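Everything numeric here is computed off the predicted structure, so don't read it as measured data. Only this structure's heavy atoms are used, side chains among them; waters, hydrogens and symmetry mates stay out.
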Amino acid sequence: LISKMDLINNVQNFLQNSVSLAKYSFDGPWRKLVTLTILAAIYLVCFYLAKYRRIKLFHSDSHLSRFILSRSPELTKWKYLPSIYLGNGHLQTIAYGILRKLKNSKFGIDYEREILTLPDGGIISLDWPINKHIDNSMNEMTPVIVMKAGLTGGTHDNYVANAIHEGFKRGFKSVLINHRGCSNTKITTAKLYHASSVDDLALGMRRIRELFPFNKIYALGFSMGANVTTNYIGERKDECFLSGFVGVCNPFNVTICDKALETSLFGIYHKSLGRHLKKKVLEHKEQMRPVEKILGKTIEQACKRIVTNREHDEEFVVKLNAEFNNNAEYYEKTSSHLNAAKIYIPTFYLNSLDDPVVNRKAIPVDELKKNKNIILGLYPTGGHIGFFSGIIPDQWFVRPVFSYFENLHHYLLRKDSLSKSE
């Protein structure tokens, strides 16, 4: 093994010798072409050596983890190489922000929408995907994946369609529970969703169980959707029927993430979140009029002061929810790290260490790896719900995620079969 400094010196010497060779061996435009080719080759080699990594796994030794990991090469052997032009977390996250809204026809997915009315008169929507190219029939043995998207996300997002398509290929039926006001779901009351809208999720879960009383049902949450689902599992133990859960880019500790967002890339993510949340409020401003008495101002006036997600949370979460006195209390109470540490169903968390939205300090690695039900996977790069790979960017995260689901499902079916034989 050589030190990092020795490696750098060797690369520098090779570069100098290669450029000198090009200089004295070729004339005219060929010299520039050969030099650029050598530089590009060196960059590609260095990029490959620096970025091509396996996932780093944290877990306790249990029969469940041994079974899944022994059958999941996507988790234990495969390596992830980010797209050559998306080599860090910021680039991956920016690409996610740009590509998430592009309609990707290659998946061939349509949706049937079901509307559920909440006790307070609000509504949420369930989107049931239909794939034009794959058999959509199912029976009692077909596993079901309940998905919960990230902040302001829904079926319009490419990462959701990507996950649904991967599920179809592996024999899973999917359904997405949309947040209030998201994915063209109307707001019918003055209440919005927040980082721990467990009641809304619970109603959607009960409906899905009514439709599939005998199927194994799993959950897949992204970002804030992972946070909400983790809290649901922890707080609704008596009614939670999930057989397993995967959380992608779960923020875990909202307080730490919020502080990190303030300085990450000059606060661009803070402002981006604020802009998207402000847009959601203004889309439904007429339905929000009743809360103007509580706010002491019009919806438009309240929105004018929204620059980051903090101002949105102050105006439209803290002031409208009696259980929160201020932002600090809201972030503390809705953080899922305490529920995650004591989770009692098979769970896989997937995060990247260069995620500019979910700071690595927010991930409770020591607590999670003590729990026999949890496998935590950390990639060196991937950004926030990015994990783009290939010349034409493709989100690689669906492979380890559905490898986990597939092998967990086999494990549980095998366990059921052994129980029946006894």
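The ring of H409 has its center closer than 6.0 angstrom to the ring center of Y218. In this structure, the ring of H63 has its center less than 6.0 angstrom from the ring center of Y411. For an aromatic pair to be called close, the ring centres must be under 6.0 Å apart, and Y269 with H90 satisfies this.
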Test D313 against Y331 for side-chain contact (heavy atoms from CB on, under 4.5 Å), laying out the working first. CA-CA 10 Å; D313 296 341; Y331 296 150; 2.7 Å; yes
Taking it one step at a time, do I124 and N178 satisfy side-chain contact (heavy atoms from CB on, under 4.5 Å)? CA-CA 6 Å; I124 59 173; N178 292 305; over 6 Å; no
Passes side-chain hydrogen bond (donor to acceptor under 3.5 Å, both in side chains), T308 versus E311? Steps please. CA-CA 6 Å; T308 72; E311 292 81 28; 2.8 Å; yes
Could you go through the side-chain contact (heavy atoms from CB on, under 4.5 Å) check for R113 and T155 one step at a time? CA-CA 11 Å; R113 172 157 290 188; T155 46; 4.3 Å; yes
Hey, mind stepping through K169 and E166 against salt bridge (charged side-chain N to carboxylate O under 4.0 Å, His left out) and telling me if it holds? CA-CA 5 Å; K169 290 195 300 183; E166 187 71 18; 3.3 Å; yes
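Cation-pi geometry between R71 and F67 is met: under 6.0 angstrom from the ring centre, within 45 degrees of the axis.
Side-chain contact annotation: S196 with T334, donor-acceptor N/O pair under 3.5 Å absent. Side chains of N231 and S336: a donor-acceptor N/O pair is absent below 3.5 angstrom, by distance only.
R209 has no carboxylate O lying under 4.0 Å from a charged side-chain N of E239, or vice versa, which leaves the two without a salt bridge. A salt bridge links R207 with E114; the closest basic N to acidic carboxylate O contact falls under 4.0 Å. Between E210 and R206 there is no salt bridge, since no side-chain nitrogen of the basic residue lies less than 4.0 Å from a carboxylate oxygen of the acidic one. Between R170 and E406, at least one side-chain nitrogen of the basic residue sits less than 4.0 Å from a carboxylate oxygen of the acidic one, meeting the salt-bridge criterion. Using a cutoff of 4.0 Å between basic side-chain nitrogens and carboxylate oxygens, R289 and E300 are scored as salt-bridged. Under the 4.0 Å criterion applied to side-chain N and carboxylate O atoms, K216 and D416 are assigned as salt-bridge partners. The pair D200-K148 fails the salt-bridge criterion, with no side-chain N (NZ, NE, NH1 or NH2) lying under 4.0 Å from an Asp/Glu carboxylate O.
Scored by the ring-ring contact (aromatic ring centres under 6.0 Å, His included) test, Y111 finds no partners at all (sequence neighbours excluded). Under the ring-ring contact (aromatic ring centres under 6.0 Å, His included) criterion, W128 pairs with F212, not counting sequence neighbours. Qualifying side-chain hydrogen bond (donor to acceptor under 3.5 Å, both in side chains) partners for N215, counting only residues two or more places apart in sequence or in other chains: none. Taking the ring-ring contact (aromatic ring centres under 6.0 Å, His included) definition, one finds that Y344 meets it with nothing, sequence neighbours left out. Every residue two or more places apart in sequence or in another chain that forms a ring-ring contact (aromatic ring centres under 6.0 Å, His included) with Y349 is listed here: F245, F252.
Pairs passing the ring-ring contact (aromatic ring centres under 6.0 Å, His included) check and including a residue from residues 352-379, sequence neighbours excluded, read Y80-Y379, Y379-F387, Y379-W396.
In this structure, N321 contributes its side chain and V318 its backbone to no donor-acceptor pair below 3.5 Å. Of the possible donor and acceptor atoms, none in the side chain of S403 sits under 3.5 Å from a partner among the backbone N and O of R399. Panel note: side chain N162, backbone N158; no donor-acceptor pair is recorded below 3.5 Å.
Put simply, the side chain of L277 does not reach to within 4.5 Å of the side chain of F316, judged on heavy atoms.
For the atom pair K278 NZ and I299 CD1, the distance stands at 13.0 Å (nearest 0.5 Å).
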